[in-house]
Structures are given as structure tokens and as C-alpha cells.
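Okay, so here's the structure we're looking at.
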There are 2 protein chains.
Amino acid sequence: MPQDSLAPTTGYRLEEQVGFVLRRAQQRHLSIFAASIPELTPTQFAALAKLCELEQASQNALGRATAMDAATIKGVIDRLRVRGLVEVRPDAADQRRVAVAPTAEGRRLFDALAPRARRITDDTLAPLTAPERHMFLALLEKLA
Amino acid sequence: MPQDSLAPTTGYRLEEQVGFVLRRAQQRHLSIFAASIPELTPTQFAALAKLCELEQASQNALGRATAMDAATIKGVIDRLRVRGLVEVRPDAADQRRVAVAPTAEGRRLFDALAPRARRITDDTLAPLTAPERHMFLALLEKLA
DNA sequence: GCACCATCGTTTGTACACCAACAAGTTCCG
DNA sequence: CGGAACTTGTTGGTGTACAAACGATGGTGC
């Protein structure tokens, strides 16, 4: 190995791959979230937030609105339900569906947490200047 | 509700939060990865790639190099070991450590997959122009 | 009507991801 | 030397995330 740079034949650099950096950025964000809002996971908060906005939704519809798999949203709703934050009842019009809605306590918690949640976006973007943040969000949106 | 825009008192918009967009971007990336490299998960590939670069590492050291928890890297190594892609032996100098190294087959697979892996970064960034990609990667790096 | 197909929710299985607690080994320091 | 502090790997538990298969229901077209 005469050279400084190893990387045998391929020259593949893990650190330069989007996926790897994306994953580390998310790790940092999740850690910020957990520190700011220990009451709920980011996923649970997203589901509760969307539900408070929609007032009411079927389980799968809520999953689509929050970019969650049917199997994933089920677990999330279950945990929110056990904690008394959302309520579930059969849909009269369509017997396949269950209608999910936030409870009064769920709304209260969301209202209390929303300011903190908005702050988390700022904290996550803290390493960037204001114009950089807008640029970053615009580009990220294109990738999502 | 006289207005079009609901969002009761808070005006919280899930779609504008970094965490949510970040998560969707990652989802898209993971789906591209799985389509391009069905043989391994992104995490497994990252571990194998780093191991091929380092030639050899302790389990925890490899975890740090790939931004994985000790508990996480254990499972990843286990699965790679079962598939004959990496090898594990006790470290003579430090009896706590296990030395992990890629097998010949692990190296072969990595060499075969590396070009595809590099392409995944391009595919993920496809919605962006060349200058946008550099800008995005630079900003993302700051957040990671 | 009725077969066909889509949708809804559920279950099972695999794979991260992280926390907390633990035992065994190593290092540091007085 | 000898004990405190740290590191290494392991385990158990919780929580996403997705694929695949399933039963039940709903809609569609003939």
C-alpha cells in the first residue's frame, strides 16, 4: 500500500453516500426530538398531529397522510389508544373501516406539545443559516 | 370553521417539519436501495463496505465507524456471519474484543456491488441538478 | 344478481435502532 | 499492588418499518 488512500480497487467511500449521511442526519434529529418531547415518539406525534388536523380518519387513511405502512400505523394507533390519546370506533358507513379520532386529552397534549415540536425543526436546522435552511428544505422536499 | 385552512389554534403543519420530510426522503432512498441491491440491506452493506476498507475491526469499532449502536451492530454482524460474508475470531491482545474481518466471499460480493451502490446515490439525487446535488450534500453533511 | 377486483385492517416474520442493565476484561491511579 | 473507572460485548425490552399472506367487506361490470 504505497498510497495514503486505501479503498482497494473500488474507491467506494461510505461517508460520501447520500444514504449514510441521510441516516446520520436523521439520527441527530431523532435525538433532538427525544430530548425535547420525551412524552411521544416522532411517529406517534406525527400521527396525533395529523389526526388533530383532520379531526377524524380511517386507520389506513391516517397512515397514508403520515407516510406510514398499514402495519406500522396499526401499532402506532394501538399505543396512542392505550394511552388514551386517540379513540377508535367502527365506521357505520363502511364496516371494514375503523374511525380514529383524538380524545380531549389527545388534543390537549398536542396543543401543549406543538410549540416544542416547531422548535425541534429549528434546532435540527440550527447548523444552517436562514437562507441555507430554505435552500435545504426546498431540495429535501424534491427528494421526498 | 369558516376558513379553508383548518389547523385549529396551533397552525402546526406536519409537512413542513424537517423530521417528516427527512423521513420520507429516507423512505424513498431505502426503496431505491432495495430495488438496486436486493442481496443486502443498506445497513448490512454499509458494515461490509467499511469492513472491506478497514480490513479488520472490533465489533464496537465497526459500529462506531458506521454510526451503529453496539446492540445494532451485533445483529448486523450476526446476519453477515451466518451468510458467510464476514468472519469473527477472538482478539489475542484484548480478550474482551472480537476481531471481525470480511471473508473472501464477502470481499467478492462487495466488489461486485460497489458500482451499483455508487449508482444508488445518483439515483437518489436524480431529482436535483448537478449543482443542487453538491449544495444539498454539503448542507446535509452539516446536519449530520 | 353475481363473479371479479380493490380496499381495509390484521397477523407474521425480518430487520434496524436505541435504552438500560450486566459480566468480564482492561486501564488508570494512588 | 489493588481498587475505581472505563470499555467491550451481550441481553431484554420497546418502537418503527416493510413485505407477504389473509379474511372480510365493498364496488364494478356483465
Side-chain angles (χ1 to χ4, degrees), chain A residues 19-20 22-35 37-48 57-83 85-86 88-100, chain B residues 19-20 22-35 37-48 57-83 85-86 88-100:
Chain A
F20 185 69
L22 215 45
R23 187 165 134 269
R24 289 197 300 124
Q26 182 122 31
Q27 283 176 348
R28 175 164 163 277
H29 168 73
L30 293 180
S31 141
I32 291 173
F33 193 104
I37 302 190
E39 295 93 333
L40 291 175
T41 66
T43 320
Q44 289 166 7
F45 182 79
L48 181 59
S58 81
Q59 195 172 282
N60 279 3
L62 183 60
R64 283 189 294 270
T66 52
M68 292 181 213
D69 196 65
T72 300
I73 192 71
K74 184 201 184 329
V76 175
I77 297 286
D78 279 352
R79 285 181 281 275
L80 290 176
R81 193 175 40 69
V82 166
R83 293 185 45 183
L85 301 175
V86 306
V88 158
R89 54 172 189 72
D91 184 324
D94 188 336
Q95 294 188 274
R96 295 169 304 177
R97 294 189 184 171
V98 291
V100 189
Chain B
F20 185 69
L22 215 46
R23 186 164 134 268
R24 289 198 300 125
Q26 180 122 31
Q27 283 177 348
R28 175 165 162 277
H29 168 74
L30 293 180
S31 140
I32 291 173
F33 193 105
I37 302 190
E39 294 93 332
L40 291 175
T41 66
T43 319
Q44 288 166 8
F45 183 79
L48 181 60
S58 82
Q59 195 172 282
N60 279 4
L62 183 59
R64 282 189 295 268
T66 51
M68 293 181 213
D69 196 67
T72 301
I73 192 71
K74 182 199 187 329
V76 175
I77 296 286
D78 279 352
R79 286 180 281 276
L80 290 176
R81 194 175 39 70
V82 166
R83 293 185 45 184
L85 301 176
V86 306
V88 158
R89 54 171 189 73
D91 184 324
D94 188 335
Q95 295 187 274
R96 295 169 305 178
R97 294 189 184 168
V98 290
V100 189

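The chains referred to below are lettered A, B, ... by the order of the sequence lines, with proteins before strands, and numbering in each begins at 1. Both backbone and side-chain heavy atoms feed into the values below; hydrogens, waters and symmetry mates do not. Note that the coordinates shown come from a computational prediction; the quantities given were computed from them, not determined experimentally.
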Any B/Leu30 side-chain heavy atom under 4.5 Å of B/Gln26 side chain = yes

Using whole Å, report how far NZ of B/Lys74 lies from P of C/dC19.
-> 19 Å

Search all heavy atoms of B/Gly19 against all heavy atoms of A/His29 and return the closest pair with its distance.
-> CA-NE2, 3.2 Å

Apply side chain to side chain contact (heavy atoms under 4.5 Å, CB included) to B/Gln95 and list each qualifying residue two or more places apart in sequence or on a separate chain.
-> none

B/Ile77 atom CD1 is separated from C/dC16 atom P, nearest whole Å, by 11 Å

Of the non-hydrogen atoms in A/Met68 and A/Ala46, which two are nearest, and what is the gap between them?
-> CE-CB, 4.5 Å

For the pair made of CZ in B/Arg97 and C1' in D/dC6, what is the distance, rounded to whole Å?
-> 12 Å

Quick one: side chain to side chain contact (heavy atoms under 4.5 Å, CB included) partners of A/Ile32, sequence neighbours excluded?
-> A/Arg28, A/Ser36, A/Ile120, A/Asp123, A/Thr124

List in chain and number order the residues that pass salt bridge (Lys or Arg N to Asp or Glu O under 4.0 Å) with A/Arg23, two or more places apart in sequence or in another chain; answer none if no residue qualifies.
-> none

Quick one: closest heavy-atom pair of B/Ala47 and B/Leu62, and the distance?
-> O-CD1, 4.0 Å

Under the 3.5 Å rule, do the base of D/dT8 and the side chain of B/Arg96 count as making a donor-acceptor pair?
-> no

Whole-Å distance between C/dT26 C1' and B/Gln95 CD?
-> 10 Å

Going 5' to 3' along nucleotides 14-21 of chain D, which nucleotides have protein heavy atoms under 4.0 Å from the base (write B), which only from the sugar-phosphate (write S), and which from neither (write -)?
-> -SSBBB--

Between C/dT14 (P) and B/Arg83 (CZ): distance, integer Å = 14 Å

For DNA chain D, which residues in residues 57-65 of chain B have a heavy atom at a distance below 4.0 Å?
-> B/Ser58, B/Gln59, B/Asn60, B/Arg64

Please table the atom pairs, donor to acceptor, closer than 3.5 Å between any side-chain atom in residues 75-83 of chain B and protein atoms at least two apart or in another chain.
from, atom 1, to, atom 2, distance (Å)
B/Asp78, OD1, B/Arg81, NH2, 3.3
B/Asp78, OD2, B/Lys74, NZ, 2.9
B/Arg83, NH1, B/Glu39, O, 2.9
B/Arg83, NH2, B/Glu39, O, 3.1

